[in-house]
Number of protein chains: 2
Amino acid sequence: MHSGGVASRSADQRDVRESRRDPRESRNGNPPLDAVSLAIIEQLQEDGRRPYAAIGKAVGLSEAAVRQRVQKLLDQGVMQIVAVTDPLTVGFRRQAMVGITVEGDAEEVADALTDMPEVEYVVMTAGSFDVLAEIVCEDDDHLLEVINKRIRALPSVRSTESFVYLKLKKQTYMWGTR
Amino acid sequence: MHSGGVASRSADQRDVRESRRDPRESRNGNPPLDAVSLAIIEQLQEDGRRPYAAIGKAVGLSEAAVRQRVQKLLDQGVMQIVAVTDPLTVGFRRQAMVGITVEGDAEEVADALTDMPEVEYVVMTAGSFDVLAEIVCEDDDHLLEVINKRIRALPSVRSTESFVYLKLKKQTYMWGTR
DNA sequence: GAGCCGATCTACGGAATCCGCAAGTATCAG
DNA sequence: CTGATACTTGCGGATTCCGTAGATCGGCTC
């Protein structure tokens, strides 16, 4: 992936010195998305199976154009269309959020966590934790093993604190549409 | 929602006294899912737009049966098919995880958080926080307002601690498929 | 400006999918 | 036995998907 990465001139470049900065800017390394792609994403956040034609009607594009843009967004990893559930509801598994403080490079710890299959979610943060990781496990033994044997075994990890999930109350993907 | 919740007889009932316990059990209040629905969900976790016929072939069901099951899972709120992105990558918005300690009933605080549109994710936990909430905001001012004015204003909230997101490293929905 | 190139959109047609419906079967609860 | 539930098979029409060809636009070089 990341074949091209070229071009990608954002629209509306004339106001570089604009007072109120445009809310959408590249913040990662990724492509700055234009308003149309944003609108497409919003459509798919409401319903991941919505037909391309319906999306096109909503955002003012042809069906084929929507299809191409969606495909590109998926290929670039900007978005993914998936089924999401609450693992606890689904049945098995123990979940926990683990806050981690790091001695050296926090990013390399985050990368190590990323490689673990039990880790669903990794984010680097500012605050009393350097990294937050969400873990999904089979049972308590498995959870214990991941936290104590694998995460704490990482060289740069100074300390960890765990928050075992008791009940998921909300899970939305509707930002941009409210 | 939560209208019916009836019936939901699982298949393969003959081995109730099986030695190794079935990994799937009702843990919430929700319907215990059978192995077939689990398999369907796994398929849709890989690709939320996969055709029903392909799913049927994978899980050993007819196209119509898959369609009916998926519809039911969606209606019951067990699963949702959506586009997910990294808001930071998409451009605008400030994100943070907020850990909250509660004096009285933690669940009512969680419910109050659930009603806030800026709150994407709410989970009740065991540990030094009673509730974790993920917040997505327009900018720092907005974030500050939500945390200081709205969350801390809740009567039972004893204290909060915020972790502003710097970089999202991983975001998966592939549990069950590894 | 002429000309080329890459990216993106529209247009179009055939294949595949979606979706409702009906009939027939099997299982389980009462 | 009766009713309820769930699955299968089959069907047909509307819809959607998907590849491709052609048009358009902006930037680039010369």
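Proteins come first, then strands; the chains are lettered A, B, ... in the order of their sequence lines, and each starts at number 1. Here the structure is a predicted model, which is why all the values come from computation and not from measurement. Values below: all heavy atoms of this structure, side chains included; hydrogens, waters and symmetry mates excluded.
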Any residue meeting salt bridge (charged side-chain N to carboxylate O under 4.0 Å, His left out) with A/Lys170, in chain and number order, not counting sequence neighbours: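 None.
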Side chain to side chain contact (heavy atoms under 4.5 Å, CB included) partner of A/Val146, the single match among A/Leu113, A/Val98, A/Ile135, A/Val136: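 For A/Val146, the side chain to side chain contact (heavy atoms under 4.5 Å, CB included) test succeeds with only one of A/Leu113, A/Val98, A/Ile135, A/Val136, which is A/Ile135.
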Between [N] ([atom2]) and [X] ([atom1]): distance, integer Å:
| X | N | atom1 | atom2 | value |
| --- | --- | --- | --- | --- |
| A/Arg67 | C/dG13 | CZ | P | 15 Å |
| B/Leu33 | D/dA6 | CG | P | 13 Å |
| B/Asp75 | C/dC19 | CG | P | 12 Å |
| A/Gln68 | D/dC18 | CD | C1' | 10 Å |
| B/Asp34 | D/dC7 | CG | C1' | 12 Å |
| A/Gln71 | C/dT8 | CD | P | 14 Å |
| A/Leu44 | D/dT16 | CG | C1' | 14 Å |

Look at [X] together with [Y] and state whether they make a salt bridge at an N to O cut-off of under 4.0 Å.
| X | Y | answer |
| --- | --- | --- |
| B/Asp86 | B/Lys167 | no |
| A/Arg94 | A/Asp139 | no |
| A/Lys57 | A/Glu63 | no |

Single-linkage hydrophobic cluster, 4.5 Å side-chain cutoff, A/Leu132 and A/Met124 together: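 Different clusters.
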Contacting residues from residues 49-61 of chain A, given that a heavy atom lies under 4.0 angstrom of DNA chain D: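 Within residues 49-61 of chain A, the residues near DNA chain D are A/Pro51, A/Tyr52.
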Distance under 6.0 Å and angle within 45° of ring axis: A/Arg49 vs B/Tyr52: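 Yes - A/Arg49 lies over the ring of B/Tyr52, closer than 6.0 Å to its centre and within 45° of its axis.
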Nearest-nucleotide comparison on DNA chain D, the residue closer to the 5′ end among B/Ser62 and A/Ala64: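 Nearest-nucleotide comparison on DNA chain D picks B/Ser62.
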Donor-acceptor contact present, side-chain A/Asp130 to main-chain A/Ala106, <3.5 Å: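 Not confirmed, A/Asp130 side chain does not pair with A/Ala106 backbone.
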Distance test, side-chain N/O of A/Lys72 to OP1/OP2 of C/dA7, below 4.0 Å: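 No.
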Trace of the side chain to side chain donor-acceptor pair (under 3.5 Å) decision for B/Asp47 with B/Gln43: CA-CA 7 Å; B/Asp47 176 7; B/Gln43 291 289 316; over 6 Å; no
End-to-end axis angle, where each axis spans five pairs of the helix from C/dG1-D/dC30 to C/dG30-D/dC1, to 10°: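 Overall, the helix from C/dG1-D/dC30 to C/dG30-D/dC1 bends by 40° from one end axis to the other.
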Of the listed nucleotides C/dC19, C/dC9, D/dC7, the one nearest the side chain of B/Glu63: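 Among C/dC19, C/dC9, D/dC7, the one nearest the side chain of B/Glu63 is C/dC19.
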